[in-house]
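One structure below.
In what follows, every chain begins at residue 1, and chains take the letters A, B, ... in the order their sequences are listed. Please read all numbers here as calculations on a predicted model, not as lab measurements.
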There are 2 protein chains.
Amino acid sequence: MYAHENTKNLFIFLFFLIFLSVLRVRTREKFHVYFSLNCLFIKRRKKITITDIARLAGVSIGTVDRVIHDRGQVSPETRKKILKIIEKAHFRPDILASVLASKKKYRFIILIPDSQEDSSFWKAPMAGMEKAIAEISHFGIEARYLHFDQFDTASFQKQAHKVIQSKPDGLLFAPVQYRQSVNLVKSCIRNHIPYVFVNSNIEDMDYLSYIGQDSVQSGYLAAKLMSLGLIADSEILVVNISKQIANHRHILKRNRGFEKYFTDHPDNKIRIKTINIENTSQEFVDLTLEAVFKKSGNINGIFVPSSRVYKVAKYLAGLKTKIRLIGYDLIEENIPFLENETIDFLISQKPVEQGYHGIMALLNHLVLKKECNKNIYLPIDIITKENLNYYLEY
Amino acid sequence: MYAHENTKNLFIFLFFLIFLSVLRVRTREKFHVYFSLNCLFIKRRKKITITDIARLAGVSIGTVDRVIHDRGQVSPETRKKILKIIEKAHFRPDILASVLASKKKYRFIILIPDSQEDSSFWKAPMAGMEKAIAEISHFGIEARYLHFDQFDTASFQKQAHKVIQSKPDGLLFAPVQYRQSVNLVKSCIRNHIPYVFVNSNIEDMDYLSYIGQDSVQSGYLAAKLMSLGLIADSEILVVNISKQIANHRHILKRNRGFEKYFTDHPDNKIRIKTINIENTSQEFVDLTLEAVFKKSGNINGIFVPSSRVYKVAKYLAGLKTKIRLIGYDLIEENIPFLENETIDFLISQKPVEQGYHGIMALLNHLVLKKECNKNIYLPIDIITKENLNYYLEY
DNA sequence: CTGAAAGCGCTTACAG
DNA sequence: CTGAAAGCGCTTACAG
């Protein structure tokens, strides 16, 4: 009987233990749920590392590393096995640890027009590039600029030669001179230098990425803005100011878009007159415009498909009649004319972001090995006197 | 003589050696210059590390680390000495190594309205937040959303309570309900929870950052667009569709900006009529507008200072006369009406970037300890049928 | 073809 | 108050 009692007590005790442990589990779970609810942060499962993969595959981390970076010297079977485990575990190497351990340096070259010319457009993309370079400096990236005169093909070719000579890991460039750029691209392909386009594009080349605007559509939008509240039977002037209009394809595309709008909307009954000014000096622009205005008296609007719209604005500022003026790019020279409403609208192409995303595209392709869009079309911004300030700050 | 010859030879030999070494130096220098010129990359001086600082100060790296992160337990003299050396050497700790070594996790809470309401605006900021969260995930950041119904103050208060309960390291929130948001801010201050505002602002609070638009100026711009090619003596309708207009300060600011433009430009001779629709159902909007249109026949433009402009567009689509319609935000519901030109202009406030920069502001303040602007005003974008597509992709 | 070890620049207990 | 050591997750010679 005593023995029985003892056994009974033992059982009770055991049950008690089991009960306790159940309770503990319960409490823990409860705590966990409570924790989740109140802290709102689900306990993240431990991050898997290259060591985990190595253990699972029964190899050393060195071998896993070889597989990850595809640098050979691994038997096909081992390779396959490791790859499978990586896939299953959704393993992604830690980029921070990778960069820290690696001594690899990446050298980028940036080949863009200089800003001292009569249009300061390129300052903004450079600001964006600087921002990106600063942000990613800890990835072991060095970047150097190479500038050229966009109206001087020899200067471009000289710099293009330097690019090839220095064999960078990546090239960011603005193919504003069509023919010369095609040649550089061919050299890059021969020398295995990956390249990204900014600002203008060469569609039929096999580039990594293009960052810029849809030039045709931007002209189309400009035409829409031109047509707002326009009197029927108006005459509109398109003024191309460029030394080599035929070699500057993005300007031609803007012209095309502009004309297309009025073809699509024939009810506007607009007459478009296009003039090309190949001498970009202010005096020549003034003289040319004066001659045009003498001939036809009822010009209601002017479209300048480049940042040099301020040259036309300077001329118009002397006139008495208000003529709607639309141009491109929020550069310093254009700002006073936007402020005094000589220029009504500027079409802007996010120059800072062009630069920023250009550098980031190189980083993504070459360092982070991340997929990204081949064509990154930036918004076509409409800038007026009223929203000007918030595009400057940004 | 032989000896002499030998000595002479020795001298010649020595000279030759010296000559060779000079040559080598020359060649090296030349090579270096050549290298620099052609490769365009200046040899970067070795990066200084915490170990260098420790060595220079004659202490261990542990002590340097204590000084860098100001966690005490260092004698004032040692501290001063180390600080001086850090300054002189322009030492910046390697953020990558720091994050890798540190096990610190940051918990962010994002408190924003939900999207299932009758306006899907908040999808875009969330997309931007997701993008940022993905980019910075390797910094040990966990983020959780908390949503509320922007027309239901009780729902906001419930979620605000959860925020305080879970004591996050940082809070990103949209103070759309003015009074309730002020209360949450006070709680945050009491509990030492840093916070960043997105979309709307409470100017008189001491927030880390505000990311959003200048609401007054956006209304001003809308008025300018309204005035383009408008007939004199027109009547313009401002339609506020909101259950609690008095508690939604950014909408009131847009109204103010809109009216200010016409005060500043009295030559337009515009009459503005404002109506508030507090029941946001389509039927009620239709009925209200119908009543208004019956009374006054010559309404030439309508301004809706919120994303609910599509409700007015639905009504106008049934009318024969073309009325200029301007509203806010590129949300799904508005797109068809922009495409068929019932809506002429949408003012957009970079919703994706609001979200993106909101998260980044928290990262900069809390993790990277980087200074950044208190007020980040995003551009006031003008969207039309013609540039719509490039704002969608972006 | 594979593994063991040192090292990247920092942080974190722990010992004194 | 201070230092030595282990470790974060990877890469890189080097040895076999």
- Note on the structure: To the nearest angstrom, the CD1-P distance between A:I50 and D:dG7 comes to 18 Å

- Query: Choosing from D:dT12, D:dC10, C:dT2, which nucleotide comes nearest the side chain of A:F91?
  - Reply: D:dC10

- Should A:S102 be listed as having a side-chain N or O under 4.0 Å from OP1 or OP2 of D:dT12? yes

- OP1 or OP2 of C:dC1 less than 4.0 angstrom from a side-chain nitrogen or oxygen of A:T63, does that happen here? no

- Starting at the 5' end of DNA chain D, which residue's closest nucleotide do you reach first, A:L96 or B:S60? B:S60

- Note on the structure: Atom NZ of B:K105 and atom P of C:dT12 are separated, to the nearest Å, by 11 Å

- Closest of D:dT12, C:dC1, D:dC1 to the B:P76 side chain is D:dC1

- Message: Side chain of A:R66 only, heavy atoms from C-beta on: which candidate in C:dG3, C:dG9, D:dT2 is closest?
- Response: C:dG3

- With the side chain defined as heavy atoms from C-beta on, B:A101 is closest, among C:dC10, D:dG9, C:dC1, to C:dC10

- Task: Write down the distance between CD1 (B:I95) and C1' (C:dC8), rounded to a whole number of angstrom.
- Result: 16 Å

- Task: For A:K104, look at atom NZ and say whether over 12 heavy atoms of other residues, nucleotides or ligands are found less than 6.0 Å away.
- Result: yes

- Query: In which ranges does DNA chain D form stems of 3 or more consecutive Watson-Crick or G-U pairs, distances under 3.5 Å?
  - Reply: C:1-3 with D:14-16, C:5-12 with D:5-12, C:14-16 with D:1-3

- Respond yes when some side-chain nitrogen or oxygen of B:T78 is under 4.0 Å from OP1 or OP2 of D:dT2, and no when none is. yes

- Item | Length of the line joining A:I61:CD1 and C:dG3:P, which is rounded to integer Å | 11 Å

- Please report, rounded to the nearest Å, how far the P atom of C:dC8 is from the CG atom of A:D94. 18 Å

- Query: So does B:H69 have more than 12 non-hydrogen atoms from other groups sitting under 6.0 Å from NE2?
  - Reply: yes

- What is the distance, rounded to the nearest whole Å, between atom CZ of B:R92 and atom C1' of C:dC10? 15 Å

- Yes or no on side chain to side chain contact (heavy atoms under 4.5 Å, CB included) for B:I110 and B:I359, after CA distance, side-chain angles and deciding distance? CA-CA 9 Å; B:I110 300 160; B:I359 294 289; 3.7 Å; yes

- Checking side chain to side chain contact (heavy atoms under 4.5 Å, CB included) for the pair B:E142/B:I133: CA distance, chi angles, key distance, verdict? CA-CA 8 Å; B:E142 293 178 63; B:I133 291 167; over 6 Å; no

- Query: Between atom CG in A:L100 and atom P in D:dT12, what is the gap in whole Å?
  - Reply: 12 Å

- Message: Could you walk me through whether A:Y207 and A:F197 satisfy the ring pair (Phe, Tyr, Trp, His ring centres under 6.0 Å) test, starting with their C-alpha distance in whole Å, then the side-chain angles of each, then the deciding distance to 0.1 Å, before giving a yes or no?
- Response: CA-CA 7 Å; A:Y207 47 93; A:F197 292 142; 5.0 Å; yes

- Query: Considering only side-chain heavy atoms of B:V59, which listed nucleotide, C:dC10, D:dG3, D:dG9, is closest?
  - Reply: D:dG3

- Message: Can you tell me if A:S75 touches the phosphate of C:dT2, counting only side-chain N or O atoms and a distance under 4.0 Å to OP1 or OP2?
- Response: yes

- Task: Rounded to the nearest angstrom, tell me the gap between atom CD1 in A:I48 and atom C1' in D:dC10.
- Result: 14 Å

- Query: More than 12 foreign heavy atoms under 6.0 Å from NZ of B:K80: is that the case here?
  - Reply: no

- Query: Do B:E77 and B:K81 meet the salt-bridge criterion of a basic N to acidic O distance under 4.0 Å?
  - Reply: no

- Task: In sequence, state the C-alpha distance, the side-chain angles, and the governing distance for B:Y145 and B:Q159, and then conclude on side chain to side chain donor-acceptor pair (under 3.5 Å).
- Result: CA-CA 10 Å; B:Y145 293 95; B:Q159 300 295 60; over 6 Å; no

